[in-house]
Amino acid sequence: MKQSNEPSRIPGWHKLSLDERRNRTAALRNLDQTTLRDAMTHGGLHLDDAKLMIENVIGTYALPFAVAPNFTINGRDVLVPMVVEEASVVAAAGNAARLIREGGGFTAQVTPPVMIGQIQLFAKDVHKATEQIKEHRKELLRVAREADPMLIRFGGGPLDLETRLVPDDDSEGQFLVLHLHVDVRDAMGANAVNTMCERLRGPLEKLTGGRVGLCILSNLADQRLVTAACSVPVEALTMENRSGAEVAQGIVMASLFAEMDPYRAATHNKGIMNGVDAVMLATGNDWRAVEAGAHAYATKKGGYAPLATWRLMEGKSLVGRLTLPMAVGIIGGTTKVHPGARAALEILGAESATDLGMVATCAGLASNMAALRALSTEGIQRGHMRLHERSRKLAREGQKP
Ligand code: MEV
């Protein structure tokens with residue numbers, strides 16, 4: 001990940017004018033000011049490009065594009081681009097990142113960018129078919145590899161082929177599901193994985209005498225995970241009328257609430273996705289894929305659980321941890337055609353999909369901490385109304401917030 005030219009800790013960032021923030025962003029990231037201005041105007045997307053992205057286009061649709069300061073991830077300072085329609089999300093993430101910075105910032109760990117493609121196979125004898133697939137594993141992987149020579153050239157490609165048996169309620173039998181594991185490098189991977197799975201249809205039917213059903217990527221990307229963690233000194237959490245220890249305790253209690261109650265866990269996870277989705281939108285990524293993966297992953301132990309949890313360590317620091325599947329890309333698709341998405345990736349300094357996944361997960365953890373801190377102290381409405389009032393005041397004074 002590229003380090004920003006100066007620390008991302010920028011006191012008074014929210015008090016600068018829009019132009020000042022834009023120019024400062026360009027300077028911090030060595031971006032051309034005109035290119036950045038063009039990418040940030042009218043949603044950054046020209047109608048001609050919009051027409052190439054989807055069908056039946058009649059216009060474009062803009063949302064606010066913001067930059068959250070204060071993030072430091074694995075010792076590097078990062079500016080976080082966020083696109084979101086909800087007030088407070090950006091300010092809350094930046095504030096939480098400032099507190100987390102007091103404890104050295106975020107640490108983030110990633111697995112290699114491996115996606116799973118599923119191939120459904122109906123065979124008379126599923127056990128015999130499993131054996132045949134195991135015996136011909138190498139040949140089948142070769143067929144998959146030949147489907148995407150470019151990916152192989154970039155160091156990725158199919159890695160493994162697993163078989164699973166799934167109960168078939170209709171026939172009271174079972175069908176086979178093959179999982180093709182593919183290292184997709186810096187792509188989100190859907191195209192590469194789907195092509196490979198479809199390429200295997202013929203060879204699998206010939207090999208087993210069975211019938212292939214669906215061939216499609218799984219959004220439960222549990223082989224492509226990011227874990228973000230942070231440790232905030234309790235004193236850093238001190239508020240006007242509350243000790244840091246009280247605030248930390250409140251956050252832990254809120255975490256436990258979500259760990260015990262799926263109704264609360266859903267809202268807890270929504271708060272995480274406030275940060276994650278805002279980065280996904282800014283960078284032109286498929287946020288529905290990441291949403292689907294996150295919520296499916298939240299059930300990995302059976303019941304629906306919170307994706308981030310918080311604990312107090314020796315009464316001294318508040319430790320938070322979030323693991324998310326991160327099916328994201330920095331090449332191809334919207335990231336290629338949308339100037340706003342390209343600018344977001346430049347602002348972020350992402351050199352790989354892995355970098356982007358780490359930043360989005362840290363934004364999720366920051367958003368979660370901010371929400372729990374507010375909910376367990378003054379409630380969220382007060383801060384929300386404060387920001388609302390500030391915007392109205394600036395508008396009255398003829399200044400753009
Ligand atoms: C609102 O967008 C998000 C929260 O509801 C998250 C939470 O309750 O943890 C505040």
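Starting from 1, each residue takes its place in the sequence as its number. Quick note: numbers below take in every heavy atom, side chains included, and nothing from hydrogens, waters or symmetry partners. Counting starts at 1 for both ligands and their atoms, in listed order.
Lys270 is linked by a salt bridge (charged side-chain N to carboxylate O under 4.0 Å, His left out) to Glu86, counting only residues two or more places apart in sequence or in another chain. In this structure, the side chain to side chain contact (heavy atoms under 4.5 Å, CB included) partners of Ala254, at least two apart in sequence or on a different chain, are Leu372.
Using a cutoff of 4.0 Å between basic side-chain nitrogens and carboxylate oxygens, Asp19 and Arg21 are not scored as salt-bridged.
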Q | From CA spacing to verdict: side-chain hydrogen bond (donor to acceptor under 3.5 Å, both in side chains), Trp13, Asn70 | A | CA-CA 10 Å; Trp13 180 242; Asn70 303 334; over 6 Å; no
I'd like a table of donor-acceptor pairs (distance under 3.5 Å, sequence neighbours excluded) in which one partner is a side-chain atom from residues 132-146, with atom names and distances.
{"from": "His136", "atom 1": "ND1", "to": "Gln132", "atom 2": "O", "distance (Å)": "3.0"}
{"from": "Arg137", "atom 1": "NE", "to": "Asp160", "atom 2": "OD1", "distance (Å)": "3.0"}
{"from": "Arg137", "atom 1": "NH2", "to": "Asp160", "atom 2": "OD1", "distance (Å)": "3.1"}

As a test of reading the model: which N/O atoms of the protein lie under 3.5 Å from N/O atoms of ligand 1, and at what distance?
{"from": "ligand 1", "atom 1": "2 (O)", "to": "Glu86", "atom 2": "OE1", "distance (Å)": "3.3"}
{"from": "ligand 1", "atom 1": "2 (O)", "to": "Glu86", "atom 2": "OE2", "distance (Å)": "2.7"}
{"from": "ligand 1", "atom 1": "2 (O)", "to": "Lys270", "atom 2": "NZ", "distance (Å)": "2.7"}
{"from": "ligand 1", "atom 1": "2 (O)", "to": "Asn274", "atom 2": "ND2", "distance (Å)": "3.0"}
{"from": "ligand 1", "atom 1": "8 (O)", "to": "Arg264", "atom 2": "NH1", "distance (Å)": "2.8"}
{"from": "ligand 1", "atom 1": "8 (O)", "to": "Arg264", "atom 2": "NH2", "distance (Å)": "3.3"}
{"from": "ligand 1", "atom 1": "9 (O)", "to": "Arg264", "atom 2": "NH2", "distance (Å)": "2.7"}

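Under the 30°/60° scheme for interplanar angles, the aromatic rings of Phe106 and Phe71 are found to lie parallel.
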